K.L.:
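Before I ask anything, let me first share the structure, which is written out below as structure tokens.
No experiment lies behind these values; they were computed from the predicted model shown. All values below come from the heavy atoms of this structure, side chains included, with hydrogens, waters and symmetry mates left out.
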Amino acid sequence: MNTIQDLLQQLTKMRWSDYLDIIIVAFLLYRILPLIRTTGTMRVAKAVVAIIVAAWLTAVLELHTLSFIFDQFLQIGLLAVVILFQPELRRMLDHLGNMKIRKFFGTEKQGPEMAPVIAQTVMACEVMSRERVGALIVFARDNPLDEYFKTGTVIEGQVSEQLIRNIFFPKASLHDGAMIICDGKVAAAGCVLPLSASERLSADLGTRHRAGVGISEASDAVVIIVSEETGTISVAVGGMLKRHLAPQTLERLLCNELCADEVLHDENLVLRLRQKLQKKSKEEHK
């Protein structure tokens with residue numbers, strides 16, 4: 001009871017600037033934490049938390065030798081973290097540095113124009129999965145992927161099922177690389193992506209899957225991988241790989257990651273568009 005009274009007394013003594021300070025810090029944490037929530041940055045966070053907790057426990061338990069070691073380590077801890085986790089920190093800072101101001105404050109979202117792009121992509125992936133055609137499709141979001149455009153062929157074409165399938169046709173010159181979709185258009189194809197060095201990936205996954213996970217670790221991109229051997233559809237986001245996805249599951253996942261809230265309220269929008277496009281495609285083939 002006394003604790004609650006002490007807390008209430010402290011609240012009454014707070015000035016308006018203290019409340020503003022708390023609100024700003026809470027907002028920054030709310031916006032920054034999701035941006036850096038990748039495999040690499042989580043490793044950094046876990047290491048820092050583990051060191052701080054261990055140092056606190058050694059002090060509480062009066063383990064003087066260990067406490068002295070941790071105190072010495074904490075004095076040079078920042079430098080040690082920078083050296084040990086340099087790649088992860090660089091990716092985290094690149095991610096934050098490339099974040100648009102409007103997106104950071106939550107005012108910029110992709111609108112309904114992404115619905116037909118998703119519908120065409122899901123249709124293409126469904127056919128390629130059935131025909132065992134390998135594919136690697138990258139949806140760029142806030143992090144620019146200009147450095148990867150240079151490794152492939154710039155296209156700047158409208159996203160369509162036919163274009164996607166033609167690019168990944170086994171005898172096409174660009175089928176081995178990655179396609180990058182940016183701002184609702186096919187920006188480039190035949191692009192070379194960084195391979196993931198994660199030990200958590202299954203040994204049976206090939207270069208295409210490792211490249212998909214690799215670019216999702218280095219950026220905030222959403223990546224679709226269609227296996228050439230099994231026809232399995234997978235999606236990589238934030239260094240995490242989701243495998244064995246049905247077309248409907250792929251559709252929902254892409255909507256959740258790429259579409260604005262108003263599109264998400266209508267869950268059947270992309271499905272209706274895809275059905276309409278499939279019907280139109282069948283009529284054209286007759």
Side-chain angles (χ1 to χ4, degrees), residues 109-142 145 148-149 152-170 172 174-191 193 208-209 211-213 215-216 219-228 231-237 241-260 263-264 266-282 284:
K109 293 184 178 180
Q110 303 204 56
E113 66 273 5
M114 283 303 296
V117 173
I118 293 174
Q120 294 281 0
T121 304
V122 172
M123 286 172 55
C125 290
E126 186 175 5
V127 175
M128 291 188 294
S129 173
R130 189 167 57 246
E131 297 178 353
R132 302 289 178 88
V133 174
L136 182 56
I137 304 172
V138 180
F139 283 90
R141 291 198 278 189
D142 296 298
L145 304 178
Y148 303 108
F149 292 174
T153 301
V154 176
I155 295 178
E156 291 296 332
Q158 195 70 32
V159 177
S160 68
E161 177 199 359
Q162 292 78 9
L163 177 59
I164 295 174
R165 290 176 58 193
N166 284 339
I167 287 176
F168 290 111
F169 183 71
L174 302 177
H175 81 282
D176 274 336
M179 171 192 292
I180 300 178
I181 297 176
C182 183
D183 295 328
K185 291 187 177 182
V186 179
C191 301
L193 304 180
R208 184 176 284 113
H209 286 81
V213 175
I215 191 64
S216 74
S219 70
D220 63 346
V222 179
V223 189
I224 304 174
I225 308 107
V226 180
S227 172
E228 187 175 351
T232 299
I233 300 175
S234 305
V235 170
V237 182
L241 185 66
K242 300 179 181 180
R243 305 179 64 187
H244 306 289
L245 301 180
Q248 294 79 8
T249 307
L250 172 65
E251 185 178 281
R252 287 196 297 270
L253 195 154
L254 292 178
C255 284
N256 290 333
E257 295 290 343
L258 301 172
C259 288
V263 178
L264 295 179
D266 188 353
E267 296 181 355
N268 296 320
L269 175 61
V270 177
L271 177 61
R272 293 201 304 271
L273 280 171
R274 186 157 63 93
Q275 291 174 342
K276 187 182 296 184
L277 291 169
Q278 287 175 334
K279 183 178 180 181
K280 182 179 179 181
S281 179
K282 289 179 181 179
E284 290 176 350

K.L.:
Would you be so kind as to tabulate the donor-acceptor pairs closer than 3.5 Å made by side chains of residues 129-140, with sequence neighbours excluded?
P.N.:
residue : atom : partner : partner atom : Å
Ser129  : OG   : Gly231  : O            : 2.4
Arg132  : NE   : Thr230  : O            : 3.1
Arg132  : NH1  : Glu229  : O            : 3.0

K.L.:
Val159 and Gly184: which non-hydrogen atoms are nearest, and at how many Å?
P.N.:
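Where Val159 meets Gly184 most closely, the heavy atoms are CG2-O, 3.6 Å.
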K.L.:
Test side-chain contact (heavy atoms from CB on, under 4.5 Å) on Cys182 and Leu145 and set out the steps.
P.N.:
CA-CA 9 Å; Cys182 183; Leu145 304 178; over 6 Å; no
K.L.:
Supply the atom-to-atom distance Ile164 CD1 to Ile181 CD1, rounded to the nearest 0.5 angstrom.
P.N.:
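It comes to 5.0 Å.
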K.L.:
Rounded to the nearest 0.5 Å, what separation is found between the CE atom of Met179 and the CG atom of Leu174?
P.N.:
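The distance works out to 8.5 Å.
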K.L.:
For residues Cys191 and Phe149, report the shortest heavy-atom separation together with the two atoms involved.
P.N.:
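Cys191 and Phe149 have their closest heavy atoms at SG-CA, 4.3 Å.
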K.L.:
Quick check: closest heavy atoms across Asp220 and Arg141, and the distance to 0.1 Å?
P.N.:
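In this case the closest contact between Asp220 and Arg141 is O-NE, 2.7 Å.
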K.L.:
Going through the checks in order, is the side-chain contact (heavy atoms from CB on, under 4.5 Å) test met by His209 and Ser227?
P.N.:
CA-CA 8 Å; His209 286 81; Ser227 172; 3.9 Å; yes
K.L.:
To the nearest 0.5 Å, what is the distance between NZ on Lys242 and OG1 on Thr249?
P.N.:
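If I round to the nearest 0.5 Å, the distance is 10.5 Å.
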K.L.:
For Arg165, which residues count as a side chain to side chain donor-acceptor pair (under 3.5 Å) partner, sequence neighbours excluded?
P.N.:
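Side chain to side chain donor-acceptor pair (under 3.5 Å) check on Arg165 returns Glu161.
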K.L.:
List in chain and number order the residues that pass side chain to side chain contact (heavy atoms under 4.5 Å, CB included) with Leu250, two or more places apart in sequence or in another chain; answer none if no residue qualifies.
P.N.:
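So Leu250 forms a side chain to side chain contact (heavy atoms under 4.5 Å, CB included) with Val122, Cys125, Ile224, Ile233, Val235, Leu254.
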K.L.:
First locate atom CG of Leu163, then atom NZ of Lys185, and finally report the distance between them rounded to the nearest 0.5 Å.
P.N.:
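Leu163 CG to Lys185 NZ: 12.5 Å, rounded to 0.5 Å.
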K.L.:
To the nearest 0.5 angstrom, please state how far the CD atom of Glu257 sits from the CE atom of Met114.
P.N.:
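Rounded to the nearest 0.5 Å, the CD-CE separation comes out at 11.5 Å.
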K.L.:
To the nearest 0.5 Å, how far apart are CD1 in Ile118 and CZ in Arg252?
P.N.:
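It is 13.0 Å, given to the nearest 0.5 Å.
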K.L.:
Between Met128 and Phe168, which heavy-atom pair has the shortest distance, and what is it?
P.N.:
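Shortest heavy-atom contact: SD-CB, 3.9 Å.
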